[in-house]
Amino acid sequence: MKSPGREPPFLRAIDQRAFETYQWKGRGAVALVTNELGEFLLNLRDDKPEIPHPNLWSLLGGGCEDDEDPLQTVLREVYEEAELTAEKADPLCRVVDIEGSQGLITVFRIATTARLTDLQLHEGQELRFFSLRQTYEIPVVLLVRDILNQFSKPI
């Protein structure tokens with residue numbers, strides 16, 4: 001299924017160039033999940049060398065399945081990975097995960113009132129909410145760093 005409306009803009013010029021020159025494969029979606037305190041929900045990826053960005057903190061999300069649009073993907077992925085039920089996800093931008101999966105990724109914002117104790121981890125090593133300042137003290141996927149910096153309030 002195709003999402004109605006216009007695609008969100010690219011985050012960086014390099015993403016636009018990679019898209020225009022077909023330097024991407026597959027589609028996916030990730031969620032910039034924020035709580036009432038303005039903290040970000042991040043997932044510590046598994047420490048497996050065969051996956052993109054092993055042992056780094058990242059956003060929840062994954063690849064689009066057959067006939068699935070990015071909105072459907074992000075809602076499915078946040079539930080599958082953390083049992084987070086979201087009724088709304090707002091598209092923010094698109095990126096190409098050049099350093100990882102090379103996927104064309106749509107980034108959505110999901111606001112939640114869920115507490116960490118309400119969530120159940122099903123993928124990765126750990127889930128945790130972080131302030132923007134705290135994210136500078138942990139190993140974060142470089143692309144996620146760009147997303148956090150672009151769509152967060154100043155420290």
To the nearest 0.5 Å, how far apart are [atom1] in [X] and [atom2] in [Y]?
{"X": "L59", "Y": "L42", "atom1": "CG", "atom2": "CG", "answer": "6.0 Å"}
{"X": "R128", "Y": "L116", "atom1": "CZ", "atom2": "CG", "answer": "9.0 Å"}
{"X": "L75", "Y": "I110", "atom1": "CG", "atom2": "CD1", "answer": "5.5 Å"}
{"X": "Q23", "Y": "D15", "atom1": "CD", "atom2": "CG", "answer": "11.0 Å"}
{"X": "L44", "Y": "S58", "atom1": "CG", "atom2": "OG", "answer": "10.0 Å"}
{"X": "F108", "Y": "I105", "atom1": "CZ", "atom2": "CD1", "answer": "11.0 Å"}

Same cluster or not: [X] versus [Y], using hydrophobic residues (I, L, V, M, F, W, Y) connected whenever any side-chain heavy atoms lie under 4.5 Å apart?
{"X": "F40", "Y": "V95", "answer": "yes"}
{"X": "I51", "Y": "L127", "answer": "no"}
{"X": "V107", "Y": "V140", "answer": "yes"}
{"X": "F151", "Y": "L143", "answer": "yes"}
{"X": "V141", "Y": "I98", "answer": "no"}

Quick one, [X] and [Y] - any side-chain contact, counting heavy atoms below 4.5 Å?
{"X": "T113", "Y": "N35", "answer": "no"}
{"X": "F10", "Y": "C93", "answer": "no"}
{"X": "W57", "Y": "E126", "answer": "yes"}
{"X": "P54", "Y": "D46", "answer": "no"}
{"X": "L148", "Y": "L32", "answer": "yes"}
{"X": "L11", "Y": "D146", "answer": "yes"}
{"X": "L121", "Y": "N43", "answer": "yes"}
{"X": "Y136", "Y": "R145", "answer": "yes"}

Between the main-chain N or O of [Y] and the side-chain N or O of [X], is there a donor-acceptor pair closer than 3.5 Å?
{"X": "Q72", "Y": "D69", "value": "yes"}
{"X": "Q102", "Y": "G100", "value": "yes"}
{"X": "R45", "Y": "P52", "value": "yes"}

Once the angle between the rings of F19 and W24 is folded into 0 to 90°, is it parallel (under 30°), tilted (30 to 60°) or perpendicular (over 60°)?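 Because their plane-to-plane angle is under 30°, the rings of F19 and W24 count as parallel.
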What pair of heavy atoms forms the shortest contact from G28 to P70, and how long is it?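 Reported closest heavy-atom pair: O-CB, 4.4 Å.
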salt_bridge([X], [Y]) N-O dist < 4.0 Å:
{"X": "R76", "Y": "E65", "value": "yes"}
{"X": "K48", "Y": "E50", "value": "no"}
{"X": "D118", "Y": "R115", "value": "no"}

Query - Under 3.5 Å side-chain donor-acceptor pair for E39 and S131 - result: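 No, no side-chain donor-acceptor contact under 3.5 Å.
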Worksheet item: What pairs meet the salt bridge (charged side-chain N to carboxylate O under 4.0 Å, His left out) rule with one or both residues in residues 83-106, with sequence neighbours excluded?
Response: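 Every pair satisfying salt bridge (charged side-chain N to carboxylate O under 4.0 Å, His left out) with a residue in residues 83-106: K88-D90.
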Verdict with supporting geometry, Q125 and N55, side chain to side chain contact (heavy atoms under 4.5 Å, CB included)
CA-CA 8 Å; Q125 301 177 65; N55 212 37; 2.8 Å; yes
Please determine whether side chain to side chain contact (heavy atoms under 4.5 Å, CB included) holds for the pair T106 and L92, giving the CA-CA distance in whole Å, both sets of side-chain angles, and the decisive distance to 0.1 Å. CA-CA 8 Å; T106 304; L92 297 175; over 6 Å; no
Worksheet item: Applying the side-chain contact (heavy atoms from CB on, under 4.5 Å) test to L119, which of V78, L60, V33, L84 qualifies?
Response: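 One option only clears the test, and that one is L84.
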